[in-house]
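Read the structure below first, then the notes.
Just follow the structure's listing: the first ligand is 1, and inside any ligand the first atom is 1. Basis for what follows: all heavy atoms, side chains included, without hydrogens, waters or symmetry-related copies. Quick caveat: nothing in here was measured; it's all calculated off a predicted structure.
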Amino acid sequence: MITFEPTEEQRMMRDTVADFVKSKLRPRVREVEAARALPDDLREGLVELGLGGLATPEAHGGAGVSARTAVLVEEELGFGDAGAAYAIPGPGHLAHALVELADEAQRARFFTPFASDATRVGALAWSEARPCRERPGFSTVARRDGDAWVLSGKKSYVLGAGRASTYVVFAQVDEAAGWDGIGAFVVDAGAAGLRAGARYDTVGLDAAAFGELTLDDVRVADADRLLGGESFRLATLRMFARQSLVAAARAVGVGRAAFELARAFADERKAFGKPIGHFQSIAFLLADRLMDVDGARGLVWRAAWTLDTEAERATKKAGGPLEVVARCAEAFAEASEVALRCGEDGIQIHGGAGYVRDVLAEKFFRDARQLALLAPSATTSDQLFAALALGAPLDASTVLPTPEIQPIFT
Ligand SMILES: Cc1cc2nc3c(=O)[nH]c(=O)nc-3n(C[C@H](O)[C@H](O)[C@H](O)COP(=O)(O)OP(=O)(O)OC[C@H]3O[C@@H](n4cnc5c(N)ncnc54)[C@H](O)[C@@H]3O)c2cc1C
């Protein structure tokens, strides 16, 4: 049975977060932006609502909410301030890596410190601004040394770099095997040889910090390597699927925020004696963007439902483990484009007011712009969904957000 009706518990969680956003977060968006961080009281308020542990399983001290509940809440956070959403302490992207790539003992070990310290931050280091020129794969390498690995290289655009206590770092473990020779390691921020560089000066998502991570012969025990169960590549894809589902829900929130602001302006601003929203060229823009937001939300909810129900449907007719990957890629590809369209039209509808910082229209556009670049980016998600939908072969360049641009459908 298909139902779009939230349960009582889901409604309560969503409304609680929406109230917090409306009364506490939104009025201080510009302050957060100027500080480029969450002020202490806002951060504590968001942590108290349990929002740092949404992706952490209940058994490991997290909120243990379903993906359907999570996307309802994430949309509200995106509506409030997507940058603030990415600045809430907690395991963050690390949680998705542990859920998909770690074994049970590793999960227990690495989630435990987050359960007892709500200020702790986790991060994931995948991207590299300087790709390897000599061979396919990461330029960051992990070389075996006895019962440990030694990691060297530089990772880029790491959300939470410098703030995180624990990182999952992806590196090349077999240099001859290209993208099939990559591995993942849990690295403590205090490890000798690990350095976080200065944060980037980004155009949006101001409360969140992105930076570089340098690894100079960092030793990591073999027990801290995440193997990803039966298929490392599938587990990595599913990790990115979970990450992009969160981003998709936040993008729907950004799109809705830009739409609502533009709609209110179009009601209020008059030209030739009537609200500008009564002119078809504005009304059609607004209606199209509303259809966009509603449609993207539907894809996000379906992806969340696919994730929540895949185990119970495994014995019936279900699409296998790649179904979740396809649905999340589809949801993110669409939601991120919708957020961008809403952001851009929001500025257009505001006229000159859309381009000055007194009005939030320009902020929503900047946040949407940056969300579409998150790993896996909107273009990578498009390509992944196209491959899955059209049955193209899934080679590494098609399915992984790679640090080098590779031919499509090789
Ligand atoms: C908000 C935000 C948060 C981020 N968080 C993190 C993080 O926590 N950890 C982390 O490691 N990185 C993070 N990133 C970086 C992000 O993963 C990369 O920017 C993204 O994967 C694109 O990689 P690139 O910048 O190296 O671009 P390039 O790889 O140089 O790509 C350039 C363009 O080509 C496209 N492209 C590249 N490869 C493919 C492919 N295989 N299929 C289709 N298109 C492709 C890209 O999408 C992009 O449009 C974040 C970025 C942003 C903006």
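- The pair R233-D180 counts as a salt bridge, with a side-chain nitrogen and a carboxylate oxygen less than 4.0 angstrom apart.
- For atom 19 (O) of ligand 1, the nearest non-hydrogen atom from the set L373, L213, V169 comes from L373.
- Closest heavy-atom approach to atom 14 (N) of ligand 1 within the set W179, F170, Y157: this belongs to Y157.
- Atoms of ligand 1 lying under 4.0 Å from any heavy atom of A125, numbered from 1 in the order shown and given with element: 11 (O).
- Of all atoms in ligand 1, listed by their number and element, those nearer than 4.0 Å to a heavy atom of H93 are 8 (O).
- In this structure, R327 does not pair ionically with E310, as no charged nitrogen and carboxylate oxygen lie closer than 4.0 Å.
- Considering backbone and side-chain atoms together, F210 places no N or O closer than 3.5 Å to any N or O of ligand 1.
- Listed by number with element, the atoms of ligand 1 under 4.0 Å from a non-hydrogen atom of L205 are 1 (C).
- Of the listed residues (L374, T379, L371), the one carrying the non-hydrogen atom nearest atom 46 (C) of ligand 1 is T379.
- By heavy-atom distance, the residue among T380, V158, L94 lying nearest atom 45 (C) of ligand 1 is T380.
- Comment: R250 does not engage E75 in a salt bridge, judged by the lack of any side-chain N to carboxylate O separation of less than 4.0 angstrom.
- Between F170 and F232, the two ring planes are tilted [angle within 30° to 60°].
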